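Down below is the structure, laid out as structure tokens.
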Amino acid sequence: MASPVLPNTSNLLGVALVVNRSRDGPRFVFHYPPQIQYGKKQRVTLAPGSTEDELDDDDEVLLNQLSQPAFFEGASGSLPDAAGFQSWNHDDHLETDSGSHIVPWEHVAGYPTRDLESLLTPSRAFHKRLFQVSLDQLCFVSSPVYVHENGIWRKQKRQPKNRAPRSPDNGTESTVTKDGHAPIMLSPDVPQSESKDASVADDDAPVAGSNAGNGNGLDETEEKKSGMTMFNLVFILKPRKHEAKELAETLYVHIIRKINKLFKYSQQKTDFVWKESKRILTLKDKNREERTKMSVLWKEILEVSSLAACVQDIYDAVSQNKIAALQLETSEGTIAHSVQIPIPFYLTDLAPAEEAASTRGLWITTANYFVEEDSLHDPSFLDKNFGLLLMSDEKKIIAELQADADEATAAMVEFVRLSKPTMSFHQISQGSGLSPAQVRKYAQHFIFWRRGIAIPPLHARDMYVLSPNADFSLLPRASQAWARAFPLAPHLADFLAELSAAPRMYKWFCPSKNHRPTYLQMLAWLMRGGWVTQLCTFAYVVVWPEILYEVEYELEAEELKMLQEEASKKEKEKQKQTERDQQQNTEHDYEKGKEKDKDEKPQRHPQEEHVQQRGWDQESDMRDRRYFHYRPSSPAGSSSTVRPGNISLSASTASLNLLAASTTSAATEGLGFTTPSNSLLPQPLTPTPSPLADAYPSDSRLHAYQQGTPSHSEPPSASASPPTTAQTQGERFALAARLSRIADKEAQAAYERSAAFARKPPPVATANPSLNTSSHLAHLSPYVIVDARRATGKDSLYLSAIGRRFSDPKVRAAWPVFWKYFNGRAALERIILGLGGDAASGIGSDKMKIKKRKEAWALMTAMSEYLICIRHF
């Protein structure tokens, strides 16, 4: 996971404020720090024997911007003396040869303020939008705020009649006091919820104490119309090219927008921004004439103007990634507000070398990174798997909360007293009167304002080692604090070395069980400073070749069994169908014969009897030849007769013949063969029309007879026409031959498959499948299930086969409960937390309950034969 781009002293050069008035135009009011040094690299003089190709592009791009005449040209067009300019400290005033006056605070980052104030006053189209402009390597980021056309800075929204207006009394409006004598101050040590701060500066919130309802409202509006029309808080950056966009958006979202709301609120209430700007501009004009040093003037401005002090606090806090506690001293009281850029309190991996300095000392863990997305939205999962580790002393945090008391102070104080690093949020809510939603809300509040971090609850059975991201430059000072906090404990360096020498359960470092609470406090102190991290165990399910062979053998046996059952079922159905057809044809012929005997004349011509008898003989002879000629050939080693019997997986000759016969009968069914179930030899002919008469005609007369005669007792008609068919005689012969060959091949393949399966050795379960080196398993390799929780297909069969191997009923019942954690992402040390201390799995009528880590580890130890484990932080 890449580290977020945060402002620091190298990429954040300063903060400035620009205002605009309809009468005077834009004015560059104030900037901090006073001297924003931005000097470009000058062109490098080539050394003898060197070439331009040996220089970097940055070394020869531009001249030093401060030495360009355009920026320091005096009023008379004269330039300062070169020697005097080089020795200028940017604090004193500078005189040119012609007597022109150069004021140090009228140049910021090498640019004249008269140019910057025009550039940083964009049109109204950028109102409350991200405004970004680049000058060489500098980037100016802001969000200008314009007054509405009616002269009001904040729209006034009507309050519903059934809701009381928000005011400082009910804690939902600003922290401005009514009398100005008891202001509510917000120091960096006092956490305040973000939602409360946002509500203070809401654009649509009503203005408390406004004069819109009295007679002075119109006069105030008219006065503000003729005053300031825009203010713009500008951040001067020098970012890297690939970080400019992300850094600008971060400042805009977390800092600029929230400070603009604060300024807009105070401007609407008391015209604060313009009054303070006017005071600063007056001081600058006065000291310009007196030629006061810039350092002296800036000190005076910071003392008399809370707006200037606010800009200083913004720069100091944001450039060091701290919480900016802002205070505006207005005529109606003190307005306190806090802003910050949320920073991660942990790392999932070691940062690159160029980012290591800024991330050194952060807690390194994968506890949050490996959480599933669906679990992140599950409150119960977070409650059971995480607890709160306070980053400062409990008494100090309680004192800060009580100093800014409100309706939630009592509940938050109770939460702080109950929060222990060894307890999860779920345990805190069960042992107190706080609901789980309240616990999550307060924990998020403390985490956002950097008063705590969310960690897996500390436990004596877990392993903790020296963090690879520890900041050893702080070791001397940390050792002194360690000695004051734990005077009887070993030295900090020795204790850290002992933790990493041989990683083991933390409880083994405790001299006795009575010392365990103190050693857990020592562990919390080390976690708070980023000195140690938890060494977790992650597991995958490994399927050994013995299990793979067993599952493949069962699948193949099941498939062969299904084929044999299907073939047997089909043969029985065909036998029944043949018997029914024969019976129906016999009855039909009998009825037809009786009807014809009644209609025949007493005498028949001898020639007609001879022709009819000849047709019957030819048809009978043709059928006999067809049955003998197209009898399916049986594979070698098998019999041509299929006898009914028991079907099994023993691969006996009877089962093979039955499978071959079913395959052959399926092929011949398309040609119209009627194969009895007990024999493939021809059966006595019955006077029924043959469907193969079209495919194998003996002569045209017999063919016409079979096509046109409805029954065998009727003589053929002399006027019978040849059949109309889309296939020729040769195509029918070819189709019959091809289907016969396919049937023979399928029968041979089925026989070979059954024979090969019969030669396989049956699977045998061993106590240690990982040590099974049988010859029939040599071609198989162990298989790792990446995510057992989402196992499908063969993976689920492997898991079921492994579960059947456990002889202990408790282990067998716990296997389906535990395997969802064997995905390489869930630490085995936290399984008991995910189970919530009560994992029930049915074993008949019994129930299994896991309440202790020792029981969970015992069960996982019994499953270790089928687990492959890794360890990391």
Side-chain angles (χ1 to χ4, degrees), residues 370 372 536-562 649 757 760-835 838-850 852-871:
F370 280 168
E372 301 287 345
C536 299
T537 308
F538 302 86
Y540 295 93
V541 177
V542 57
V543 186
W544 299 108
E546 180 180 314
I547 306 296
L548 295 173
Y549 181 81
E550 177 184 342
V551 173
E552 295 292 341
Y553 190 92
E554 292 177 354
L555 288 176
E556 189 174 359
E558 185 69 21
E559 185 178 357
L560 291 175
K561 183 178 180 181
M562 291 176 61
L649 297 177
F757 178 76
K760 288 184 177 181
V764 178
T766 61
N768 298 308
S770 59
L771 304 178
N772 192 346
T773 58
S774 302
S775 58
H776 65 281
L777 304 178
H779 66 287
L780 297 175
S781 300
Y783 172 71
V784 176
I785 300 178
V786 178
D787 191 352
R789 184 178 184 178
R790 296 179 172 86
T792 57
K794 286 188 177 181
D795 289 355
S796 60
L797 297 178
Y798 295 150
L799 294 173
S800 300
I802 293 174
R804 294 193 297 269
R805 295 294 187 99
F806 299 121
S807 58
D808 190 349
K810 289 186 177 181
V811 180
R812 190 184 306 116
W815 175 248
V817 180
F818 278 57
W819 79 38
K820 63 181 179 180
Y821 298 101
F822 302 147
N823 55 4
R825 302 172 67 91
L828 302 187
E829 290 81 1
R830 304 186 191 109
I831 287 183
I832 187 63
L833 300 177
L835 297 176
D838 186 5
S841 176
I843 312 174
S845 59
D846 298 332
K847 293 289 182 180
M848 175 195 64
K849 293 185 178 181
I850 303 175
K852 295 184 179 181
R853 290 176 180 244
K854 186 176 181 179
E855 299 179 16
W857 277 112
L859 292 173
M860 287 185 287
T861 302
M863 305 171 187
S864 60
E865 179 69 21
Y866 306 97
L867 300 179
I868 179 171
C869 298
I870 57 176
R871 280 181 176 175

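If you read the sequence from its start, that first residue is 1, and numbering goes on from there. As the structure is a prediction and not an experimental result, all values here were calculated from the model.
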Kindly indicate, with the supporting measurements, whether the criterion side chain to side chain donor-acceptor pair (under 3.5 Å) is fulfilled by S774 and N772. CA-CA 6 Å; S774 302; N772 192 346; 2.7 Å; yes
Going by heavy atoms in the side chains, are K820 and R790 under 4.5 Å from each other? no
Which residue, N823, I802, I868, forms the side-chain contact (heavy atoms from CB on, under 4.5 Å) with V541? I802
Residues L548 and S781: closest non-hydrogen pair is CD1-O, 3.2 Å
Atom pair CG/CD of N768 and E865 - distance to nearest 0.5 Å: 4.5 Å
Note: L555 and K794 closest approach over all heavy atoms is CD1-CE, 4.0 Å
When rounded to the nearest 0.5 Å, the distance separating OG of S796 from CD1 of I785 is 8.5 Å
Might you point out which heavy atoms bring A767 and P769 nearest each other, and give the distance in Å? O-CD, 3.6 Å
CG/L828 to SG/C869 distance, rounded to the nearest 0.5 angstrom? 5.5 Å
Stepwise side chain to side chain donor-acceptor pair (under 3.5 Å) test for Y540 and D787: CA-CA 8 Å; Y540 295 93; D787 191 352; over 6 Å; no
Distance col, row Y549:OH vs H779:NE2, nearest 0.5 angstrom, shows 8.0 Å
Does the side chain of Y553 come within less than 4.5 Å of F757's, by heavy atoms? yes
Can R853 and E829 be said to form a salt bridge (Lys or Arg N to Asp or Glu O under 4.0 Å), step by step? CA-CA 8 Å; R853 290 176 180 244; E829 290 81 1; over 6 Å; no
Ion pair present between R805 and E550, side-chain N to carboxylate O less than 4.0 angstrom? yes
Between R830 and C536, is any pair of side-chain heavy atoms under 4.5 Å apart? yes
Between F818 and A856 the two heavy atoms that sit nearest each other are CE2-O, 4.0 Å
Run the salt bridge (Lys or Arg N to Asp or Glu O under 4.0 Å) test on K760 and E552 for me, step by step, so that the C-alpha distance in whole Å, both residues' side-chain angles and the decisive distance to 0.1 Å come before the verdict. CA-CA 11 Å; K760 288 184 177 181; E552 295 292 341; over 6 Å; no
Pairwise distance CG(L799) to CZ(R804) - rounded to 0.5 angstrom: 11.0 Å
In terms of heavy-atom contacts, F538 and G824 come closest through CD2-O, 3.6 Å
If you look at every heavy atom in L777 and P545, which pair is closest and at what distance? CD2-O, 3.7 Å
From T537 OG1 over to I870 CD1, what is the distance, rounded to the nearest 0.5 angstrom? 9.5 Å
Contact check, side chains of Y783 and D795, non-hydrogen atoms, under 4.5 Å: yes
Measure up the F822 and W815 rings against each other and bin them: parallel (under 30°), tilted (30 to 60°), perpendicular (over 60°). tilted
Ring centroids only, cut at 6.0 angstrom: are Y866 and F806 within range, meaning strictly under it? yes
Is there a side-chain contact between W819 and R789, using heavy atoms and a 4.5 Å cut-off? no
